[in-house]
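We count ligands from 1, going down the list as the structure has it; atoms in each ligand are counted the same way.
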Amino acid sequence: MCYGISTKQERIKAATERLNKAAENWKKNEPNAIGYPINQEPDMKEFYKWYVASNIPDISMNNVGNPSNDSPYNLHSHEFESEVVAYFAKLYGFDPKQHWGFVTDSGTDGNNHGIYFGRKKLKSKSPLEPIIYVSEEAHYSIKKLADVQNTELKLIKALPMGQMDIQDFEKNLNSHRPALVVIAIGTTFKGAMDNQIEIQKILKKKKPPAFYIHLDAALFGGFLPYLKGDVKNIVSQKIMGFDSIAVSGHKFFGFDNPMGIFVTTKNVFEHINPFRVEYLAGAVPTISCSRSALASLKFWWKLNTVAPDFFAKEAASLIANAIYLHNNLRKSGIRAWRNNHSNTVFFARPSEAIMKKYSLAGEVSKEFGALAHIVVMQHVDKEKIDQFISDISKM
Ligand SMILES: *Cc1c(COP(=O)(O)O)cnc(C)c1O
């Protein structure tokens, strides 16, 4: 820290030098970051040009309140946030007049609202405590959030390729308690999607007093709706009938800081205060009061400045490159697997030198032994894949 007698200019100079050193390191590590589902092509420079030129950094903006209502606080970007929500509501097949949503802090923030709103909706239908059902291979945020919201959690077994085991779900589903099912549309390690149709069949057959379905589509929710063919129906509310969906912004869409999107139906939104608790009546509907105005502006900027077919091209190329990686690993004699429509390829764990160089995450699977995975994001192109394959055969 720069204490002592100095001018502001000197302090800025010292801080800049320190940050520049760190930035060199970040830039050096960025090309090999292929183990995590983060798009390393956020491309936000033009946005910052506008931001700085407009002098907005001298204003403290805040999106406190409901993005679809007037806010008591004037310095907000709700107008832009609402347009972002409307774009995604349409993309995910929600009725244009019967949805509600907001720009979240992250995929986890969206999941937190899925569980919170789910609990409230279920409470409006049954006085009994709900049980959260989620596959053991779903993202750990669900387990943590069940703990945060003090809700019983039932982990359901997963099949070898990572999908929720429907027979185990049927066996464990309690017909006497409301069910809050979190469906993984893309598990963290194997990139598996749970079968929503089969899950709903079991719910309708075993008839718990009420049920609520939240889609954790943090990564896959970004690219699925832009793929050709029926696969986009998986994230269509109209076709699948789920109650809410959470998607990360910094994963597929690419931002320089974490954010996300949460969309639910108007019906769910109207039940988040089932007992008309007085102190909640006029309250902010989101769990956080203060929310980033900048995140919504960045999202809006990206949606409005990319070419109309930009995301469709990117989505197609993620899948094509994941197939390329999968095929080339197998050609090199490495055991490798990929789920249908997934950009995640998992394979026999390579040497520690490779794990470290490419910051790969590992996992041990009952069926396949020690594994690592690569999440093929926008920056993982054929050249990078070739480099990886060449390294893995040498190192
Ligand atoms: C990344 C991820 C999350 C967590 O999202 P954050 O935006 O990192 O908070 C949750 N679920 C799944 C399936 C994910 O891939």
Ligand 1 contact by Asp216, heavy-atom criterion under 4.0 angstrom
yes

Below 4.0 Å from any atom of ligand 1, is there a heavy atom belonging to Gly186?
yes

Has ligand 1 got any nitrogen or oxygen that is less than 3.5 angstrom from a nitrogen or oxygen of [X]?
X: Ser248; result: yes
X: Gly107; result: yes
X: Thr187; result: no
X: Asp109; result: no

How are the rings of Phe346 and Trp337 set relative to one another: parallel (under 30°), tilted (30 to 60°) or perpendicular (over 60°)?
parallel

Tell me the protein heavy atom at minimum distance from [atom], and give that distance in Å.
atom: atom 8 (O) of ligand 1; value: His250 NE2, 3.9 Å
atom: atom 9 (O) of ligand 1; value: Thr108 OG1, 2.6 Å
atom: atom 2 (C) of ligand 1; value: Lys251 NZ, 2.3 Å

Heavy-atom contacts with Ser106 under 4.0 Å: which atoms of ligand 1 show up? List them by number with element.
7 (O), 9 (O)

Find all atoms of ligand 1 within a distance of less than 4.0 Å from any non-hydrogen atom belonging to Ala218, and give their numbers and elements.
2 (C), 3 (C), 10 (C), 11 (N), 12 (C), 14 (C), 15 (O)

Backbone of Ser141 reached by a side-chain donor or acceptor of Asn111 within 3.5 Å
no

State which residues pass side-chain contact (heavy atoms from CB on, under 4.5 Å) with Asp381; sequence neighbours excluded, sorted by chain then number.
Glu383, Lys384

Just checking, is any N or O donor in the side chain of Tyr324 or Asp386 under 3.5 Å from an acceptor N or O on the other one?
yes

Arg338 side chain to Thr344 side chain, donor-acceptor N/O pair below 3.5 angstrom
no

Closest heavy-atom pair and its distance - [X], [Y]:
X: His373; Y: Thr188; result: CE1-O, 3.2 Å
X: Lys190; Y: Asn339; result: O-ND2, 3.0 Å
X: Pro130; Y: Thr151; result: O-CG2, 3.7 Å

Using a 4.0 Å heavy-atom cut-off, which part of Asn111 comes near ligand 1: side chain, backbone, both, or neither?
side chain

